[in-house]
Amino acid sequence: MRVLAHSLFIPTAQNREELNLPASLKRRAPRIWKLAYAAATEAVAQTTIKPESIIVGTALGALDETVRFIEKIHTSNMGSPRQFIASVHNSMSGMLAMELGITGTNLTICESTNSTAAAIHAARFIPESTVLIVIVDEQLPLLEKIYHSCSNNHYFTEGTQEGALAIVLDHTDSRFPQLSATATQPCTVPSTQSGTLFSTASDLADLLDKKYSGTIDSYSPTANCSARITVKND
Amino acid sequence: MNIPVIATGAVSALGDSPQSAWETILTGERSLSPLTLFDPQTERTPLVGQINFDLPRRCFSRTESMAIAAADQALNGIDLAGLRWGITLATTVGGVDRTEQFYRNLLDKPELISTAAIECARHEPAAIAGLLGKRYGATGVHTLSTACSTGIHGIGVGAEMIHQGEYDLVLAIGTDALSLLTFLGFDSLLLIDYEGSRPFDRDRIGISLGEAAGAILLASPTVAKQLNRPAKAYIAGWGSSADAYHMTAPHPEGTGAFSSAQKALHHANISPDQIDWICAHGTGTPDNDCAEITAMNRLFETIPPFSSFKGAMGHTLAASGTIETVYAIESFVQNKIPASVGFQTIDPEIGIAPSKGESKVINHILKNSFGFGGNNGSLVLSRGDV
């Protein structure tokens, strides 16, 4: 599969201010939607080919909205419709379809910290040749709290990170740079390995930025699975 | 593509196996009952499609427990040794029933934060796929979450994986348990019919929630032969699309629904007039049912008989595409189209009544599922060799 474009968005106080969001997202859109939108629009702007389909990879989805919704139903017995809608794991891919006008296949893959590899792997099995892949996860205070309370557990061992990586792929084109991934495989994750939220996506962006060839292994201690991404440059 | 379905499994309010559920379906009775799994925190108690029989084992979450019950049925007697095989898991609820309980406890006892890692781990949909993969020895696992259309995509992607030689076998599982989060979520959208949903009826006002797990074992034609398992049905085509219109409301012209159904027919190389029954998404919400039939009227010169399972068993969210496909496959055996339970009066906006239940030779079925985010999925199922 050929990489046509890619863009990484890691939010900082400054670039959040500079985000050029449409009116529909500016005010009340969940933060994770904004991350996904920022990376996706930048990647799409880099190529003249409009992707026909979307695959979003996310470990935890719109966790912030999910936590707020659960908080609300336990404190006031009432949920907010907006938070409920956003809490569904595919809310980012639905939003991207609307904002970018992409009406083809629209999938969301939730493969824990292997979601980057899993989304790339899934691209082979959709009918459209061009696909916008967006990997997105968010950080929130509750996750930080959990991280500090159990420092030798699961993917919290190395802390968490948030951001979005968007890649436009043509899976019928074999020219460089090429990207592929294995299926997510059940395994016993070695105790020396941990999966860190969003780190695989950042590592992949680094390889693509530097135009290097290489492999990235990811592990999910929570799902007891692993996967491998391969990047080939000429 | 014609990928054989060699075994199925199912648990829902309709029964503890595909066959027992099919018998219930043919009675035309509702299997909805008052919600007792948790306190809905509302003035009235809704009717839901709750599983009231014992599940074979209690796992970490109810979603996981139901998935194991369905998978055990589908894999019963199948020799998986030496095969490359994968699991596609369709879920939107995941371990939320545990998460919401944990969060409630955490509010009372903040010190429970020290056990949060394991709870968080089980919140993830992928944790269920990982557990199933280990339990059954799958060589690959794939977790999809596209709201109420997920089940269809799990089957479609699984069939495509076999078609492209990635696997010899794929177990497509759809599973979602009832949870307070989903109940109050749909309630906040004013989309719950407390008295039981009435798909396609003039007076329909919303959905009944349900819970279920369905499992469909797909095999390459060669491996189906090796295992001496005739096809119960074939997955002939898969179509997928996005409305790109609204997060919760379908496009009023059903453009996305039309597109996914048209793609599935094209993929199956089948013309619309060959479809004998539309196993509709049919949720019972005013907009959804209207949009679906608008789309089907555009696709078919004369719309074939159509009906929805959701009036009988409730809307089982991500599991609905899988469980309803399992039940639709049963219709090939007896050549019977089930009635659309809950329907009484034609809606002038729809202009046509769903099936009241009829006997008809069924060779091809169109199965639709649509979800939040304007997500649409359709399958064409073809008669098998059984």
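First the proteins, then the strands, lettered A, B, ... as listed; each starts at 1. The model shown is predicted, which means the values in this text are computed figures rather than measured ones.
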Subject >> Minimum heavy-atom distance between A/Ser112 and A/Ser220, given as atom pair plus value >> reply: OG-OG, 2.7 Å

Subject >> Toward chain A, the part of B/Phe372 with a non-hydrogen atom under 4.5 Å >> reply: both

Original post:
Do you know which of A/Leu96, A/Thr108, A/Ile54 has the most heavy-atom pairs with chain B at a distance under 4.5 angstrom?
Top reply: A/Thr108

Original post:
Is any NZ, NE, NH1 or NH2 atom of the basic residue among A/Glu128 and B/Lys263 found under 4.0 Å from an Asp or Glu carboxylate oxygen of the other?
Top reply: yes

Subject >> Proximal component of A/Leu63, with respect to chain B [non-hydrogen, under 4.5 Å] >> reply: side chain

Subject >> Under 4.5 Å from any heavy atom of chain A - which part of B/Glu100 >> reply: both

**OP:** Using non-hydrogen atoms and a 4.5 Å limit, figure out which bit of A/Cys110 sits close to chain B: side chain, backbone, both or neither.
**Re:** both

**OP:** Answer yes or no: does atom CG of A/Asn20 have more than 12 heavy-atom neighbours from other residues, nucleotides or ligands under 6.0 Å?
**Re:** no

**OP:** Verify whether one side chain among B/Ser260 and B/Ser378 offers a donor that lies under 3.5 Å from an acceptor in the other.
**Re:** yes

**OP:** Would you please say whether a donor-acceptor pair under 3.5 Å links the side chains of B/Thr316 and B/Asp176?
**Re:** no

Original post:
Measuring heavy-atom distances to chain A, does B/Leu184 have an atom under 4.5 Å in its side chain, in its backbone, in both, or in neither?
Top reply: both

**OP:** Would you tell me whether B/Ser149 and B/Asn375 have side-chain atoms, one donor and one acceptor, within less than 3.5 Å of each other?
**Re:** yes

Original post:
Does any heavy atom of chain B fall under 4.5 Å from the side chain of A/Phe69, the backbone, both, or neither of them?
Top reply: side chain

Subject >> Engaged part of A/Arg82 at the chain B interface, taking heavy atoms whose separation is under 4.5 Å >> reply: neither

Original post:
Given that the side chain runs from C-beta out, which part of A/Ser80 has a heavy atom under 4.5 Å from chain B: side chain, backbone, both or neither?
Top reply: backbone

